[in-house]
Asks: 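Here it is, the structure in full.
Note that the numbering runs from 1 along the sequence shown for the chain. These numbers come from the heavy atoms of this one structure, side chains and all, not from hydrogens, waters or symmetry mates.
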Amino acid sequence: PAMNNLEDLLQLPTGCGEQNLEGLLPPAIMLDYLREVGRTSSSFTGRAFRLLEHGYQRQMVFRHKDGSFSPFGKTDIYGTVWLTAQTAGALQRASKYIDIDPEVIDSALSWLAGQQQPDGSFKELDDTTYHRIQANPVTLTAFTILGFVENKYNLTSQYRNAMNKAIDYVASNWRTQQDPYDLSIVSYALHVAVHPDKDASWSRLESMAKEDDQDRKWWQSEIPELEATNPWHKTPNTETIEMTSYALLCLTERGGISDAVPVTNWLFSQMNTNGGFAATSETYAGKTIILLYLNTTREDSRYSIACPN
């Protein structure tokens, strides 16, 4: 199957700091793919560049004086580890196409390094949480590693040491994770860090997969008995899309293209006729990660992107 309506991902960045990134990152990934396959057009490229520039300038609204980022910027008391790590990674990827002030990324990484706990973990400065990732120190630390890895060619010794301490912390604590949502992010972090525990963590995550008779595979958290009748659990929700997408990235890192086909089948099956998912955050997580997957498997004819004219 082909991923159609990709231009629908080129949305004007709006909303809070997290939502703004939902408009900033996909154009950069799409440009990566189109550049690799040699299928670009001036109109599409021009629009993508304009949206990247707009998204970058708007993300600065959510920046604190100390270099951190938070969903509502200076109206928040503190910056958040979660959004600062995500922004540092997104801006580094966007910097291939537009001018990003290196100091913005550097100060974000410096702030992150300053928040690291003695044991190598990361935690937020207060109890305010905007995303499930923030509630679990192992998951938040794994997510922060991804922001450092995205900047791996520009890391100072201080930042590299912080990243390595975080990797050691995740490697020492990933076995405590029982939910596939947390484990999917943790396992992906171990894969991009090329840590020896990546195989064991993947083995546990793989054992939690669900499959059907239509060659589809996905991951889903266990539903408490009292919640079993809640309609929200009847259709794939944001967390199901996210954890399955991170599992797909693990397979990409493992070189398991054939093994990834059932997972991609499931993600494609959840898309609506417009090529998106039920919610904006699901479309962002699912489509962005499928784009990353297709970018690494572009010679596999079973899946393709319908390139814009």
Asks: Mind listing the closest non-hydrogen atom pair of Gln115 and Gln117 along with its distance?
Replies: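 What the structure gives for the nearest pair is O-NE2, 3.0 Å.
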Asks: Should Glu222 and Lys210 count as an ion pair when the cut-off is N to O under 4.0 Å?
Replies: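 Yes.
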Asks: Can a donor-acceptor pair be found between the side chains of Asp32 and Tyr97 at a distance below 3.5 Å?
Replies: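 Asp32 vs Tyr97: donor-acceptor pair found between side chains.
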Asks: Under 3.5 Å, is there a donor-acceptor pair between the side chain of Ser187 and the main chain of Ser184?
Replies: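 Between the backbone of Ser184 and the side chain of Ser187 there is no qualifying donor-acceptor contact (under 3.5 Å).
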Asks: Begin from the C-alpha positions of Leu205 and Trp219 and carry the test side-chain contact (heavy atoms from CB on, under 4.5 Å) through to its verdict.
Replies: CA-CA 9 Å; Leu205 182 62; Trp219 281 258; 3.6 Å; yes
Asks: Nearest 0.5 angstrom please: Ile133 CD1 to Thr141 OG1, how far?
Replies: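 The CD1 atom of Ile133 sits 11.5 Å away from the OG1 atom of Thr141.
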Asks: Hey, is CG on Asp126 packed in by over 12 heavy atoms from elsewhere, all under 6.0 Å?
Replies: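 Enclosed: over 12 neighbouring heavy atoms sit under 6.0 Å from CG of Asp126.
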Asks: Determine yes or no for a side-chain-to-main-chain donor-acceptor pair under 3.5 angstrom, with Arg58 supplying the side chain and Gly17 the backbone.
Replies: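 Pair absent, no side-chain N/O of Arg58 close to backbone of Gly17.
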Asks: If you define the side chain from C-beta out and look only at heavy atoms, does anything of Gln59 sit under 4.5 Å from Phe62?
Replies: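 In contact.
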Asks: When you compare the side chain of Lys217 with that of Glu206, does any pair of heavy atoms fall below 4.5 Å?
Replies: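 Side-chain contact under 4.5 Å: yes.
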Asks: Determine whether Glu18 and Pro71 make a side-chain contact, defined as any pair of heavy atoms from C-beta on separated by less than 4.5 Å.
Replies: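 No, too far: nothing below the 4.5 Å cut-off.
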Asks: For Gly55 versus Asn20, what's the shortest heavy-atom pair and its separation?
Replies: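 Where Gly55 meets Asn20 most closely, the heavy atoms are O-ND2, 2.9 Å.
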Asks: Would you call Met163 and Leu155 a side-chain contact if the rule is heavy atoms closer than 4.5 Å?
Replies: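 Touching, per the 4.5 Å side-chain cut-off.
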Asks: If we ignore hydrogens and angles and just use 3.5 Å, is the side chain of His195 paired with the main-chain N or O of Ile167 as donor and acceptor?
Replies: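 It does not hold such a pair.
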Asks: Val81 and Ile77: same hydrophobic cluster, using ILVMFWY side-chain contacts below 4.5 Å?
Replies: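 Result: yes, single cluster for both.
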Asks: Decide yes or no for Tyr56 and Met60: does some side-chain heavy atom of the first lie under 4.5 Å from some side-chain heavy atom of the second?
Replies: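 Of all side-chain heavy-atom pairs linking Met60 with Tyr56, at least one is under 4.5 Å.
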Asks: Is Ser207 reaching over with its side chain to a backbone N or O of Arg204, donor-acceptor style, under 3.5 angstrom?
Replies: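 Answer holds: yes.
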Asks: Is the closest basic N to carboxylate O distance between Arg254 and Asp199 below 4.0 Å?
Replies: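 The answer is yes: the pair qualifies as a salt bridge.
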Asks: When you measure from the side chain of Gln116 to the backbone N and O of Leu112, does any donor-acceptor pair fall under 3.5 Å?
Replies: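 Between the backbone of Leu112 and the side chain of Gln116 there is no qualifying donor-acceptor contact (under 3.5 Å).
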Asks: With rounding to the nearest 0.5 angstrom, report the NZ to NZ distance, Lys74 to Lys65.
Replies: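 Those atoms lie 7.5 Å apart.
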Asks: Is a side-chain N or O of Ser269 found less than 3.5 angstrom from the main chain of Trp266, in a donor-acceptor match?
Replies: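 It does hold such a pair.
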Asks: Verify, without hydrogens or angle tests, whether Tyr188 (side chain) and Ser245 (backbone) share a donor-acceptor contact under 3.5 angstrom.
Replies: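 Flag not set: sc Tyr188 to bb Ser245 has no pair under 3.5 Å.
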Asks: Is there a donor-acceptor contact under 3.5 Å linking the side chains of Glu124 and Gln134?
Replies: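 Present: a donor and an acceptor within the cut-off.
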Asks: May I ask you to decide if Arg160's main-chain N or O and Asn164's side chain share a donor-acceptor pair within less than 3.5 Å?
Replies: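 Yes.
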Asks: Do the side chain of Trp218 and the main chain of Ala209 share a donor and acceptor less than 3.5 angstrom apart?
Replies: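 Flag not set: sc Trp218 to bb Ala209 has no pair under 3.5 Å.
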Asks: Give the C-alpha distance, both sets of side-chain angles, the deciding distance and a yes or no for side-chain contact (heavy atoms from CB on, under 4.5 Å) between Phe143 and Gln86.
Replies: CA-CA 8 Å; Phe143 192 76; Gln86 194 173 5; 4.0 Å; yes
Asks: What verdict does the side-chain contact (heavy atoms from CB on, under 4.5 Å) test give for Arg175 and Asp197, after you've listed the backbone C-alpha separation in whole Å, the side-chain angles of each residue and the deciding distance to 0.1 Å?
Replies: CA-CA 10 Å; Arg175 291 174 178 82; Asp197 276 3; 3.5 Å; yes
Asks: Please round to the nearest 0.5 Å and tell me the distance separating atom CD1 of Ile100 and atom CZ of Arg93.
Replies: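 The distance works out to 13.0 Å.
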Asks: Report the distance from atom OG1 of Thr244 to atom CG of Leu249, rounding to the nearest 0.5 Å.
Replies: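 Going from OG1 on Thr244 over to CG on Leu249, the span is 11.5 Å.
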Asks: I'd like to know if the side chain of Thr139 and the backbone of Ala135 have a donor-acceptor N/O pair within less than 3.5 Å.
Replies: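 Here the side-chain-to-backbone pair does not exist.
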Asks: For residues Phe69 and Val104, determine if any side-chain heavy atom of one lies less than 4.5 Å from a side-chain heavy atom of the other.
Replies: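 The answer is yes; the side chains approach within 4.5 Å.
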Asks: Kindly write out the residues that satisfy salt bridge (charged side-chain N to carboxylate O under 4.0 Å, His left out) with Arg63, not counting sequence neighbours, or none if the list is empty.
Replies: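 For Arg63 the salt bridge (charged side-chain N to carboxylate O under 4.0 Å, His left out) partners, ignoring immediate neighbours, are Glu103.
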Asks: Is it true that Arg132 and Asp182 make a salt bridge, defined as a side-chain N closer than 4.0 Å to a carboxylate O?
Replies: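 Answer for the salt bridge query: yes.
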Asks: Decide side-chain contact (heavy atoms from CB on, under 4.5 Å) for Leu24 and Thr87; before the verdict, give the C-alpha distance in whole Å, the side-chain angles of both, and the deciding distance to 0.1 Å.
Replies: CA-CA 10 Å; Leu24 173 63; Thr87 300; over 6 Å; no
Asks: Can you tell me how the ring of Trp82 sits relative to the ring of Tyr130, calling it parallel under 30°, perpendicular over 60° and tilted otherwise?
Replies: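 Judged by the thresholds at 30° and 60°, the geometry between Trp82 and Tyr130 is parallel.
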Asks: Quick one: closest heavy-atom pair of Ala162 and Ala113, and the distance?
Replies: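 For Ala162 and Ala113, the tightest heavy-atom pair comes out as CB-CB, 4.2 Å.
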Asks: Hey, does Pro262 have a side-chain heavy atom less than 4.5 Å from the side chain of Glu211?
Replies: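 Not in contact.
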Asks: Quick check: closest heavy atoms across Asp259 and Val263, and the distance to 0.1 Å?
Replies: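 That closest heavy-atom pairing would be O-CG2, 4.4 Å.
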Asks: For a quick test of reading the model, state the closest non-hydrogen atom pair linking Ser201 to His191 and the distance between them.
Replies: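 For Ser201 versus His191, the nearest heavy atoms are OG-CE1, 4.4 Å.
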Asks: Using 0.5 Å steps for rounding, measure from the CG atom of Leu91 to the CD1 atom of Ile105.
Replies: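 Here the interatomic distance stands at 5.5 Å.
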Asks: Find out whether Ser70 and His64 are in side-chain contact, i.e. whether some heavy atom of one side chain is under 4.5 Å from a heavy atom of the other.
Replies: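 Yes, at least one pair of side-chain atoms sits under 4.5 Å.
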Asks: Is the number of heavy atoms from other residues, nucleotides or ligands within 6.0 Å of CG (Asp215) greater than 12?
Replies: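 Buried by this count: over 12 neighbours within 6.0 Å.
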Asks: With rounding to the nearest 0.5 Å, note down the distance linking CG in Leu109 to OG1 in Thr156.
Replies: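 Going from CG on Leu109 over to OG1 on Thr156, the span is 8.0 Å.
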Asks: Is it true that the side chains of Tyr159 and Asp106 contain a donor and an acceptor less than 3.5 Å apart?
Replies: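 Checked: Tyr159/Asp106 side chains pair up, N/O donor to acceptor below 3.5 Å.
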Asks: How far apart are the closest heavy atoms of Cys16 and Gln19, and which atoms are they?
Replies: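 So the minimum-distance heavy-atom pair works out to N-OE1, 2.9 Å.
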Asks: Are more than 12 heavy atoms, taken from residues, nucleotides or ligands other than Lys96, located less than 6.0 Å from that residue's NZ atom?
Replies: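 More than 12 heavy atoms, drawn from other residues, nucleotides or ligands, come within 6.0 Å of this atom.
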Asks: Report, as yes or no, whether the 6.0 Å neighbourhood of atom NZ on Lys123 holds more than 12 heavy atoms from other residues, nucleotides or ligands.
Replies: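 Incorrect, the count does not exceed 12.
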